[in-house]
Amino acid sequence: MSDVHRHLIGGEWCSSSSAETIDVLDPATGSRIGMIPAGSGADADRAVSAARAAAPGWMRTDAAERGALLKTAARVLRDHADGLAEIQTRENGKPLADSLGGVEAGIGTIEQYAELGPLHRGRSLVGSWGASDMMVYEPYGVAAVIVPWNDPIAIACGGIAACLVTGNTVVFKPSEKTPLSAVRLVELVVEQLPTGVLNLLLGDGRAGAPLVEHHDVGVVMHTGSTQTGRRIAETCAGQLKKCVLELGGKDPLIVDSGVDPVWAAEQAATGAFANAGQICTSVERIYVHAEVAEPFVDALAERARSMRVGPGMDDGTEMGPLIDERQREVVHAHVSEAVERGAQVRAGGELPGGDGANGAPAHGFFYPPTVIVGAGDDTRLMREETFGPVAPVQVVESFDEAIERANATDYGLAATVLTESEEHAERAWRELSVGTVKVNAVFGGAPGGSAQPHGQSGMGYGYGPELLDEVTITKVVHVEAAVTPQHD
Ligand code: NAD
């Protein structure tokens with residue numbers, strides 16, 4: 001059992017109280033590259049106790065000192081960014097350059113919160129003469145930071161840094177699918193922090209659920225699927241506990257009449273196939289105006305067919321594998337159902353055979369970039385998060401129709417509109433019921449942008465300066481001078 005990774009609890013790397021283990025797989029080969037314990041309720045208990053013991057000292061540490069320690073941690077991470085990116089690619093399959101981009105984004109976020117934390121001030125109120133009135137932010141105490149596998153280092157860095165810099169101690173629960181990069185991240189960061197301030201709990205939902213339920217956890221920050229998020233929200237509601245939920249999406253892309261169809265197809269391919277479609281804001285539905293539909297679909301299908309699919313560690317790989325076999329089954333089930341019900345496959349759509357589609361090896365969890373036209377509104381492909389490299393295209397007759405169909409979803413994470421019309425751009429950001437609207441670029445945006453997701457895509461601000469408000473609680477203080485005894 002010596003090759004089973006360990007939890008970090010109260011400064012000690014320790015074994016689990018559960019004998020069960022979880023294999024960590026390389027999605028490019030399907031072979032095992034590590035093992036972690038299936039952390040238990042007892043492990044969650046120990047991790048929360050350690051975080052709770054460290055909380056009073058950390059809360060009383062000057063905010064400037066907390067920020068300075070995080071800056072040191074960020075410097076250490078920068079020195080090891082390449083190694084971290086490599087571990088991340090080995091366990092989640094994304095191309096190495098993308099992986100490094102994610103690691104660097106995470107380090108940048110730690111640096112931002114290290115600066116913003118000490119500036120996260122309350123306000124003074126205008127009360128009676130002789131009294132002092134103010135609103136102050138306090139940490140909740142112990143924060144649970146629960147992270148998914150699709151951009152694990154970037155997401156972990158943001159949540160952990162925001163919670164720590166505001167004076168919370170943290171129990172960090174990475175995804176069971178990408179725990180190896182989390183172990184390395186914690187090894188590098190924890191040396192810079194007082195004992196017990198950052199704890200690592202390994203495992204899946206069997207560790208996550210008792211962590212959320214623990215009475216000494218004051219705030220839960222979960223990034224992951226809507227299904228898990230809903231369960232966490234139910235637990236938190238039962239205890240009136242604060243949770244921030246950044247969940248799944250079914251993002252639409254609207255392609256308006258009058259745009260260059262080849263440019264629009266390139267945007268669509270980037271949005272649907274980056275990270276093999278495993279981004280919360282991946283393009284998952286495309287509504288293209290009839291006027292440009294044919295050349296748009298031709299160019300998109302051509303781009304899908306030419307995309308180089310392979311292991312993330314190989315030079316020249318544009319798209320890696322899916323995270324695991326289960327995810328590949330979901331993706332293929334969405335595609336197959338749509339096709340059985342009359343949709344047309346314009347590229348991909350088949351499980352790689354012996355020769356491996358798009359140059360992908362036959363082993364591993366690869367799926368080809370896929371373009372599907374005409375899937376029905378009631379298919380899973382058009383309704384549920386697919387989280388795979390699939391671009392489902394529907395042709396619409398007007399911009400009004402595109403907006404209406406884009407809004408016909410339970411999700412509300414983000415949306416993109418490609419248009420030359422200023423009026424349509426304005427209508428898009430006003431009328432689309434999502435947290436983030438992008439015009440003429442599927443990805444991008446200024447640093448610090450933080451939206452509140454709509455519908456089933458979550459609640460609260462998961463990013464930006466506003467996250468510091470989410471992981472703290474506001475107290476109002478009113479101070480008057482004591483009445484001193486009267487002496488004659
Ligand atoms: P998931 O919800 O299955 O898992 C996320 C984390 O929750 C993991 O650490 C997992 O072990 C843990 N978990 C599972 N069951 C739990 C339970 N009952 N209680 C507590 N914790 C539990 O999600 P995933 O498959 O890892 O990630 C993919 C999903 O994440 C997609 O839906 C994607 O859209 C979403 N996502 C959202 C954002 C965003 O910012 N909105 C960012 C990245 C990913």
Side-chain angles (χ1 to χ4, degrees), residues 22 24 27 36-41 43-44 91-92 94 102 105-106 109 144-159 171-179 181-182 200-214 217 220-236 238 241 243-251 274-284 322-324 326-327 330-331 384-388 410-414 434-436 443 445 449-464 467 470:
I22 300 170
V24 185
I36 58 162
S40 63
D43 294 335
E91 63 185 356
N92 90 350
K94 66 169 74 178
T109 317
V145 177
I146 304 176
V147 166
W149 48 263
N150 66 323
D151 200 2
I153 295 291
I155 295 171
C157 285
V171 178
F172 165 38
K173 220 288 294 150
S175 168
E176 63 278 14
K177 294 172 190 170
T178 51
S181 55
L200 174 68
L201 177 65
L202 297 172
D204 53 19
R206 287 169 283 179
L211 174 64
V212 170
E213 275 162 29
H214 202 296
V217 168
V220 177
M221 214 199 133
H222 170 253
T223 310
S225 66
T226 294
Q227 198 186 14
T228 304
R230 210 178 279 130
R231 237 179 263 151
I232 290 175
E234 281 164 12
T235 303
C236 290
K241 183 184 288 184
C243 60
V244 183
L245 303 171
E246 295 294 320
L247 308 177
K250 189 75 194 165
D251 287 5
N275 201 17
Q278 301 168 116
I279 303 177
C280 53
T281 53
S282 288
V283 165
E284 293 241 347
L322 295 174
I323 187 70
D324 58 16
R326 196 177 141 264
Q327 188 58 28
V330 170
V331 171
E384 297 175 17
E385 188 179 45
T386 304
F387 228 51
D410 294 336
Y411 292 100
L413 200 56
V434 291
T436 302
F443 294 132
S450 183
Q452 290 179 299
H454 290 211
Q456 299 300 300
S457 292
M459 55 190 197
Y461 293 100
Y463 304 90
L467 179 55
E470 297 281 14

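Given the structure is predicted, the values throughout are model-derived calculations rather than measurements. Whatever order the structure lists them in is the order used to number ligands and atoms, beginning at 1.
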Using a strict cut-off of 4.0 Å, indicate which atoms of ligand 1 neighbour a heavy atom of F387.
28 (C), 31 (C), 33 (C), 34 (O)
Where the side chain of E284 meets the backbone of D251, is there a donor-acceptor pair that is under 3.5 Å apart?
no
Out of L201, I22, L202, which residue meets the side-chain contact (heavy atoms from CB on, under 4.5 Å) rule with P37?
L202
Can you measure from OG (S282) to CZ (F443) and round to the nearest 0.5 angstrom?
5.5 Å
Determine whether the side chain, the backbone, both or neither of I146 has a heavy atom under 4.0 Å from any heavy atom of ligand 1.
side chain
Geometric N/O contact C280 with ligand 1, under 3.5 angstrom
no
Close approach, G458 and ligand 1, non-hydrogen under 4.0 angstrom
no
Taking P148's backbone N and O only, do any of them form a donor-acceptor pair with S175's side chain (distance below 3.5 Å, no angle check)?
no
Please say which of V244, L245, I146, V147 ends up in a side-chain contact (heavy atoms from CB on, under 4.5 Å) with M221.
V244
If we only consider heavy atoms of D151, is any one of them less than 4.0 Å away from an atom in ligand 1?
no
Using heavy atoms and a threshold below 4.0 Å, how should the contact between P174 and ligand 1 be classified: side chain, backbone, both, or neither?
backbone
E213: which residues meet the salt bridge (charged side-chain N to carboxylate O under 4.0 Å, His left out) condition with it, sequence neighbours left out?
none
One residue to check: K177. Relative to ligand 1, which of side chain, backbone, both or neither has a non-hydrogen atom less than 4.0 Å away?
neither
For ligand 1, which atoms sit closer than 4.0 Å to a heavy atom of L247?
34 (O), 37 (C), 38 (C), 39 (C), 41 (N)
Check ligand 1 against D204 and write out every atom of the ligand that is under 4.0 Å from a heavy-atom position of the residue.
11 (O)
So if I count the atoms of ligand 1 from 1 in the order they appear, which ones are less than 4.0 Å from some heavy atom of G208?
19 (N), 20 (C), 21 (N)
Looking only at distances, can you tell me whether any N or O atom of N150, backbone or side chain, sits closer than 3.5 Å to an N or O atom of ligand 1?
no
For the 3.5 Å polar cut-off, considering only N or O atoms, please tell me whether S457 and ligand 1 meet it.
no
Where does I232 meet ligand 1, judged by heavy-atom distances below 4.0 Å: at the side chain, the backbone, both, or neither?
side chain
Mark yes or no for whether D204, through its side chain, and E176, through its backbone, hold a donor-acceptor pair below 3.5 Å.
no
CD (Q227) with more than 12 external heavy atoms under 6.0 Å:
no
Could you point out which residue of L413, D410, L247 forms a side-chain contact (heavy atoms from CB on, under 4.5 Å) with T226?
L247
If we ignore hydrogens and angles and just use 3.5 Å, is the side chain of K177 paired with the main-chain N or O of N92 as donor and acceptor?
no
Within 4.0 Å of some non-hydrogen atom of E246, the atoms of ligand 1 are 37 (C), 38 (C), 39 (C), 40 (O), 41 (N)
Distance-only N or O hit between ligand 1 and T226, under 3.5 Å
no
Those atoms of ligand 1 less than 4.0 Å from some heavy atom in H222
2 (O), 5 (C), 6 (C), 7 (O)
Geometry only, no angles: is T223 polar-contacting ligand 1 at N/O separations under 3.5 Å?
no
Could you check whether any side-chain N or O of Q327 sits under 3.5 Å from a backbone N or O of T386, counting only pairs where one atom can act as donor and the other as acceptor?
yes
Output all residues satisfying salt bridge (charged side-chain N to carboxylate O under 4.0 Å, His left out) with E246, sequence neighbours left out; order by chain, then residue number.
none
Which ligand 1 atoms does I155 reach within 4.0 Å, using its non-hydrogen atoms?
42 (C), 43 (C)
Within a distance under 4.0 Å of any heavy atom of S175, pick out the atoms of ligand 1 and give their elements.
8 (C), 9 (O)
